[in-house]
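By convention in this document, chain letters (A, B, ...) are assigned in the order of the sequence lines, proteins followed by strands, and residues within each chain are numbered from 1. The basis for the numbers below is simple: all heavy atoms, side chains too, and nothing from hydrogens, waters or symmetry mates.
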Protein chains: 2
Amino acid sequence: MANKTIEDYLKAIYQVDVDQDGAGTTELAERLGIAPASVTGMLKKLAAQDLVTYTRYQGVGLTNAGRAIALDVLRRHRLAERYLADVLGLPWDRVHDEAEEWEHVLSDDVAARMDAALGWPSTDPHGEPIPSARGDVPPLADTPLARLRPRHTARVARVSSEDAEFLRYLGSMGIYPHVALTVLTIAPFGGPLTIEVSGQCHAIGQGVAERIFVVDISPLPAAEEPA
Amino acid sequence: MANKTIEDYLKAIYQVDVDQDGAGTTELAERLGIAPASVTGMLKKLAAQDLVTYTRYQGVGLTNAGRAIALDVLRRHRLAERYLADVLGLPWDRVHDEAEEWEHVLSDDVAARMDAALGWPSTDPHGEPIPSARGDVPPLADTPLARLRPRHTARVARVSSEDAEFLRYLGSMGIYPHVALTVLTIAPFGGPLTIEVSGQCHAIGQGVAERIFVVDISPLPAAEEPA
DNA sequence: GATAATTATTAGGCTCTCCTAAATAATTGA
DNA sequence: TCAATTATTTAGGAGAGCCTAATAATTATC
Ligand SMILES: [Mn+2]
Ligand SMILES: [Mn+2]
Ligand SMILES: [Mn+2]
Ligand SMILES: [Mn+2]
């Protein structure tokens, strides 16, 4: 298996070009907390090992070998998070930092045993899908809460953040995966949304609503909304 | 917390001068799989950080700070082993290698949660004592099987080895902590012992018997053995 | 389409941890 | 006691992974 540094690079590259197409040096550098110059050097090294396709000034992409490792790391990371949350009772805002280390340390066998002990979960505590041991990632079928229309009710599918404070904020409103919520109003010009979560109303910013992904479960209307 | 390299050095120093008094450069080098010259260099560094007392050609010892770290690493290692064995069902010959990595990765809180989830165990799967979070190690009250007299029955307390093949060999005879066994004969001149374990007899070498630590549970004789 | 701003790369260096080979100290034993 | 052996240290060096400062390529702006 690759070493910790390489695993973190490949995972970061994967994640950057999942949520914005194309991974730039600076973006990677920020995500990894490393100077851009250092990233350039490492990308050359990864390219030499055929884990990445890299052309100067053009950005990086994963090769199949690189993607396989990235997904494997992601799998371990999310399994570890699930494990820490479900078995050891760690709150969801603390599992990420721990898993960031565990992901480099779990053997295949241990990961498989954890998977089984958990009943082969499909997502981590934040709702992110856990890649299979074969490297399959179930396609996502969710939309940002920010795109939901007023009066629609949805179930939280996942929360796209690793920021502990942010997660605690959501937790304080009772927002977790599987929880149902209803959009009451959306202020114009990027203004806040008011939502109802388990009987309580809250106003949240657009930025927050962009990071909460939901699945609409509103009863189908008799006809489309009138135009 | 110290880094992985330093943690492994301190743990090795601790273990070397637990089971042979005084830690020599070469001994440490072997245990760590590193050239003696490299160990010398690192010892100077550890001494500069006051983790170790070191005088050229004299060997090393731990300072209180160094011992505290060593015991903490040992605690995590053994808790991890117990966890891997009890919760994930990993066989006792495979837990060591995994724990060798886990020990550097577990946070205080996670270690404490594992400890609680396991019911505050006092030993690892090999019978080695788990230091407390405060750094207390219960004193050992066991003797090598090799020192037991014929016709005495004893309970296995611990097995002092990290060698997987050796552990599997013991397992094949049913030798694990808590198991009772009886010494039948001891051949002279460092010859083999015959022992009975759960109804089965086995002949084992002196070397093997030196690594199995037991507590005598023979019924007290009416008088001392006649001289 | 020239210039300015942004983004990325190269150049040169640093720290860590390890190595081998050579030198020196300590120990052993004849 | 002195020579041989063994243990340990010093010297010199390598590779990983990171950094800052300087330079080059790309992209945006007028
Ligand atoms: Mn990581
Ligand atoms: Mn997660
Ligand atoms: Mn270790
Ligand atoms: Mn053990």
Side-chain angles (χ1 to χ4, degrees), chain A residues 1-13 15-17 19-62 65-66 69-70 73 100-101 103-105, chain B residues 1-17 19-62 66 69-70 73 100-101 103-105:
Chain A
M1 193 33 148
N3 67 25
K4 183 183 150 97
T5 305
I6 289 179
E7 289 183 352
D8 278 337
Y9 268 89
L10 294 174
K11 189 179 59 148
I13 294 166
Q15 288 182 311
V16 167
D17 76 21
D19 57 51
Q20 316 137 47
D21 218 54
T25 302
T26 307
E27 173 75 16
L28 278 173
E30 268 166 24
R31 199 171 279 242
L32 292 164
I34 279 173
S38 308
V39 172
T40 299
M42 184 59 69
L43 292 183
K44 286 188 199 166
K45 201 179 131 181
L46 294 176
Q49 294 180 236
D50 277 314
L51 295 171
V52 125
T53 56
Y54 167 69
T55 26
R56 287 161 61 230
Y57 295 101
Q58 298 298 98
V60 238
L62 294 170
I69 293 175
V73 177
E100 198 60 47
E101 300 300 322
E103 67 190 1
H104 309 295
V105 148
Chain B
M1 194 32 148
N3 68 24
K4 183 181 149 97
T5 304
I6 290 178
E7 288 183 353
D8 279 336
Y9 268 90
L10 294 174
K11 189 179 58 150
I13 294 166
Y14 177 85
Q15 288 182 310
V16 167
D17 77 20
D19 56 51
Q20 315 137 47
D21 218 56
T25 302
T26 307
E27 173 74 17
L28 277 174
E30 269 166 25
R31 198 171 279 241
L32 292 165
I34 280 173
S38 307
V39 172
T40 298
M42 183 60 69
L43 292 183
K44 286 187 199 166
K45 201 179 130 183
L46 295 176
Q49 294 180 236
D50 277 314
L51 295 171
V52 125
T53 56
Y54 166 69
T55 26
R56 293 164 52 234
Y57 295 102
Q58 298 297 98
V60 238
L62 294 170
I69 294 175
V73 176
E100 199 59 50
E101 300 300 321
E103 67 191 0
H104 308 294
V105 148

Subject >> Neighbours of DNA chain D within residues 31-39 of chain A, by heavy-atom distance under 4.0 Å >> reply: A:I34, A:A35, A:A37, A:S38
Subject >> Stretch residues 51-61 of chain B: residues that reach within less than 4.0 Å of DNA chain D through a heavy atom >> reply: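 Those residues whose heavy atoms fall under 4.0 Å from DNA chain D, taken from residues 51-61 of chain B in numerical order, are B:Y54, B:R56, B:Y57.
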What's the [atom1]-[atom2] distance between [X] and [N], to the nearest Å?
| X | N | atom1 | atom2 | answer |
| --- | --- | --- | --- | --- |
| B:M42 | D:dT9 | CE | C1' | 16 Å |
| A:L46 | D:dC18 | CG | P | 11 Å |
| B:L28 | D:dA7 | CG | C1' | 13 Å |
| B:K4 | C:dC18 | NZ | P | 10 Å |

So, using side-chain contact (heavy atoms from CB on, under 4.5 Å) as the criterion, who are the partners of [X] when residues are at least two apart?
| X | answer |
| --- | --- |
| B:T25 | B:P36, B:V39, B:T40, B:L43 |
| B:S38 | B:I34, B:A35 |
| B:T5 | B:N3, B:Y9, B:M42 |
| A:A37 | none |

Which part of the nucleic acid, if any, lies within contact of [X], taking any heavy atom under 4.0 Å across all strands shown: a base, the sugar-phosphate backbone alone, or nothing?
| X | result |
| --- | --- |
| A:G24 | sugar-phosphate |
| A:K44 | sugar-phosphate |
| B:T26 | sugar-phosphate |

In chain order, what residues pass the salt bridge (charged side-chain N to carboxylate O under 4.0 Å, His left out) check against [X], with sequence neighbours excluded?
| X | value |
| --- | --- |
| B:K4 | B:E101 |
| A:E100 | A:K11 |
| B:E27 | B:R31 |

Subject >> Side chain to side chain, B:V60 and B:T55, heavy atoms closer than 4.5 Å >> reply: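 Not touching, per the 4.5 Å side-chain cut-off.
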Subject >> Student check: side-chain heavy atoms of B:D8 and B:L32 closer than 4.5 Å >> reply: yes
**OP:** Kindly say if A:T25 contacts the phosphate of C:dT9, meaning a side-chain N or O under 4.0 Å from OP1 or OP2.
**Re:** yes
Original post:
If you find the nucleotide of DNA chain D closest to B:E27 and the one closest to A:Y9, which residue's nucleotide is nearer the 5' end?
Top reply: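 Closest to the 5' end, via its nearest nucleotide, is B:E27.
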